[in-house]
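See below for the structure under consideration.
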Number of protein chains: 4
Amino acid sequence: MIRVGDRVLVLTDDGSRYLITLREGSIFGTHLGNILHEEIIGKEYGDTIKIGRSKAHILKPGIVDYVFNLNRRTQIVYPKDMGFIILMLDIKEGDLVIECGSGSGSMTGAFARYVGSKGKVVSYERREKFLERARENIDQLGIGDRVEFKLKDIGDGIDEKGADAFFLDVPDPVPYLSEVLSSLKGGGRLCVLCPTVNQVQSVLESLNEKEVVDIEVWETFIRKMKTNPKRFRPEDRMVGHTAYLIFGVKVSRGGEKYEE
Amino acid sequence: MIRVGDRVLVLTDDGSRYLITLREGSIFGTHLGNILHEEIIGKEYGDTIKIGRSKAHILKPGIVDYVFNLNRRTQIVYPKDMGFIILMLDIKEGDLVIECGSGSGSMTGAFARYVGSKGKVVSYERREKFLERARENIDQLGIGDRVEFKLKDIGDGIDEKGADAFFLDVPDPVPYLSEVLSSLKGGGRLCVLCPTVNQVQSVLESLNEKEVVDIEVWETFIRKMKTNPKRFRPEDRMVGHTAYLIFGVKVSRGGEKYEE
Amino acid sequence: MIRVGDRVLVLTDDGSRYLITLREGSIFGTHLGNILHEEIIGKEYGDTIKIGRSKAHILKPGIVDYVFNLNRRTQIVYPKDMGFIILMLDIKEGDLVIECGSGSGSMTGAFARYVGSKGKVVSYERREKFLERARENIDQLGIGDRVEFKLKDIGDGIDEKGADAFFLDVPDPVPYLSEVLSSLKGGGRLCVLCPTVNQVQSVLESLNEKEVVDIEVWETFIRKMKTNPKRFRPEDRMVGHTAYLIFGVKVSRGGEKYEE
Amino acid sequence: MIRVGDRVLVLTDDGSRYLITLREGSIFGTHLGNILHEEIIGKEYGDTIKIGRSKAHILKPGIVDYVFNLNRRTQIVYPKDMGFIILMLDIKEGDLVIECGSGSGSMTGAFARYVGSKGKVVSYERREKFLERARENIDQLGIGDRVEFKLKDIGDGIDEKGADAFFLDVPDPVPYLSEVLSSLKGGGRLCVLCPTVNQVQSVLESLNEKEVVDIEVWETFIRKMKTNPKRFRPEDRMVGHTAYLIFGVKVSRGGEKYEE
């Protein structure tokens, strides 16, 4: 049963999506008319309410809804990349995951979810306003206790050692790579997210001289199809680019040389 | 420290990958020469061993290594789709996830991992040999206790109710959709994997008459880049198709009409 | 030297593109200020003019500029598909090419160009307004004499026989396929453009029972890159879909069976 | 009617393709059995012959067959790029097109075809064996008279001025760009084909300081679909990369600055 304080997704008949945190006596305005929070409280997920002459479904927001509803100042990590990063970094229950920077908290939320209640995420951010924004966003997801935010430039040192995975998403990643690797355990996994090819090239140059193996660079794409089975076809437009994803595994000695 | 019984990934200098379960006194043959298991036991992940004149790194196999090393009789779900499915089905700690069929256990393993130790996966398979193979594969991943395999055609009924998510990967999905939806809780999420467009069309026709909203169909692509920073470019070949992914959310009343 | 009556492309410093047919004493208004046609007449292609405080380059419009500047009522065939169709239909000097319908004249223009001055394009269109629009567009390209427009439904018969290539772009292509094939010479090539998968499926069903071989279905994609070499990366958005392209070759006896 | 000396494409029932130049009294061996050239001579395109117990169709080879049957030592330009290059370079009847190097003659053949009988292609190649190979290939296409091959490094000068289009496909394009531009007329179009991003970056750096506008960089992709309408879906594998295509237009003064 849905209660006061729950965060719900209202999906209207015309496909609009509203995320609402339920409060007693509150009203939420939509383009179709007002919703009294009372109409939702006590309902079950999957139930239907009326908004004016339309109706809407009450759903539990998922991680994808979370990501697209972030209060944000920065570019976010999109679902097309997020799931692939989680797999390739081999995130699992109980892991210690470090990220830098926090950004708007999109990957922070995904990491926090998949390390589970026994895991921990440490998120470094040197800009206070971004850190506060990311923290608020994570609290919306209800798993803020798994995340420790640190207001610090990792160039001044990473406090943790023996991390299972590190996610590096900063404008100039190369100067941080040595410190990042020193925080990983042997066999720990690294992902560097780079919007431009130039960043990828300089990260590859640097990783090549470091104790890293299994270096791979990937791009991901997703394409949405229209859902009319009588006129089945892809959507006209798609996302052409978000970022290149560089992966590698830390080893204790020797590294990898690329070759053609 | 690596112990007897552990499953390790041996990554050789020339990029070959071997998955080995360590036994006392055993020998593993590679194209570069033999490896005595004793050489690995007692080492740390990330350490280096010698094989003949070459060397190799000892790593902990990840979920992606698991998927690509499945002992299999069937098409597997590839990492490009796997991460996206986990996100879109909103899999999280403690969830009850049902799948049909087990296939070779690739999605079974991913679900088992991401529901965590408090979650549960029920995997239906009507072909005994496939079920046994999938079970063996999951045991390799070390989280077999989270998975209950059932040798049963779900056309004869699904025993569970109130599932958080259902993953349907069978040659002819339409006849099962009603039963699948009845096993989901309100707001529970469905994914149907379809290699052909014809399957997608008939699933969409059927879902349109059922209590399902937020229906989406996606294709995913990944492209690997070569890692020489002096000659940076994509690989010559890529995977062009695995399957279409249909997603939807179960509601208690009314559904969704597609429209252009 | 550029003369009265020439059609020029004005490319401003900020990347705007204007197509102008030069007339004595005329003025053309842009967002940067007015251009007197006299300022362009007498210049050479590649020369620069001033518009207010900005400058602009005078270029000769190409076939791609033509396509994107069509006065149009219909979906056009985009450059990503157009070049591939020209190759796959093996269009060459002296060919007789038939198309139906004319649409806005985008493929008409491309065919007219590549059959050369000795070739001929016959374009069937049953809606008079579309036909007039297409004819005006082709005249802009200056090769209208190579194109014969016919106001006729090809269901009532195609007048020509022995065509080298046929391009069919109509909402419901199947009823026309027999008539289309009868107009092609032996070894003549067919392209059917289908926005939806359903159309592709029914065309394939039909072609399979006809005297057609070498049947192929393709999708094309193009992705634009940003041109700053210091921050090299793809554009954020791309076209996800225009149409599926079906190709085949007419034979005199027997046809092709698809197989898995 | 097909005559001695004609070049035909034999397409067998199982999809194999053989290109044969017909000679009196000759025999051609295939995996299905022998074909007597006499059986083809006198037939019409689109006719059927028997090979052992199978049958085959006699077709006229198209430009795409030509490209894939080049006797070659080098990477060729693939159809997915070829049609797009022809459009973007605005190749038309009567054009003067210069290319360097000749490679195996794949683009040479496409240019020769689309400049028509009144046009001319000049193809520079500094390696004699490649030049001879390209010349033989073009002769197969039957339009060798439109192409002048020159055994020369364009670093030593390009003899022609006022070219309509230039296609540059060499391992290190930057040193040649000034000479290339000097051979183009005002408004003439340039395409530089670059397999690696590093080449693209250095070409962009260089073009930015030159008299070039409308600079664009594109990637093209094509995906083939399986043709069984009952199980419609894309092929499993596709080409992931051939090359990046850089385009620009020569102007007489001033150039283009990239901007974000």
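Letters A, B, ... are given to chains in the order of the sequence lines, protein chains preceding strands, and every chain is numbered from 1. Computed from heavy atoms alone, side chains included, the values below leave out hydrogens, waters and symmetry copies.
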(Q) Can you list everything that forms a side-chain hydrogen bond (donor to acceptor under 3.5 Å, both in side chains) with A/D6? Sequence neighbours excluded, please. (A) none

Q: Answer yes or no: is there a donor N or O on one side and an acceptor on the other, between the side chain of B/Q201 and the main chain of A/F232, under 3.5 Å?
A: no

Find out whether [X] and [Y] are in side-chain contact, i.e. whether some heavy atom of one side chain is under 4.5 Å from a heavy atom of the other.
{"X": "B/Y114", "Y": "A/L87", "answer": "yes"}
{"X": "B/M88", "Y": "A/V64", "answer": "yes"}
{"X": "A/K185", "Y": "B/Y45", "answer": "no"}
{"X": "A/K92", "Y": "B/I63", "answer": "no"}
{"X": "A/L11", "Y": "B/V213", "answer": "yes"}

(Q) To the closest 0.5 Å, what do you measure between CD (B/E93) and NZ (A/K118)? (A)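 Reported to 0.5 Å precision, the distance equals 7.5 Å.
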
Could you tell me which portion of [X] (side chain, backbone, both or neither) has an atom closer than 4.5 angstrom to a non-hydrogen atom of chain A?
{"X": "B/S202", "answer": "neither"}
{"X": "B/R113", "answer": "side chain"}
{"X": "B/D65", "answer": "side chain"}
{"X": "B/V67", "answer": "neither"}
{"X": "B/Y66", "answer": "neither"}
{"X": "B/L59", "answer": "side chain"}
{"X": "B/P61", "answer": "backbone"}

Q. Salt-bridged, B/E205 to A/K230, with N to O below 4.0 Å?
A. yes

Q: Give the member of A/K80, A/K250, A/M225, A/R223 that has the highest number of heavy-atom pairs under 4.5 Å with chain B.
A: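 Most heavy-atom pairs under 4.5 Å with chain B: A/R223.
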
Q) Among A/G188, A/G116, A/S117, A/P79, which has the most heavy-atom pairs under 4.5 Å with chain B? A) A/S117

Q | ring-ring contact (aromatic ring centres under 6.0 Å, His included) against B/Y78, all qualifying residues, sequence neighbours excluded | A |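 Testing B/Y78 for ring-ring contact (aromatic ring centres under 6.0 Å, His included), a comparison that skips the adjacent residues, returns B/F68.
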
Q: Mind running side-chain contact (heavy atoms from CB on, under 4.5 Å) on A/I246 and B/T227 for me, showing each step along the way?
A: CA-CA 9 Å; A/I246 306 171; B/T227 55; over 6 Å; no

Q: Would you name the heavy atoms of A/R189 and B/K60 that are closest together and state the gap between them?
A: NH2-O, 2.8 Å

Q | Nearest heavy atoms of A/G46 and B/V251, plus distance in Å | A | O-CB, 3.3 Å

Q) Cut-off 3.5 Å, side chains only: do B/S252 and A/E44 have a donor facing an acceptor? A) no

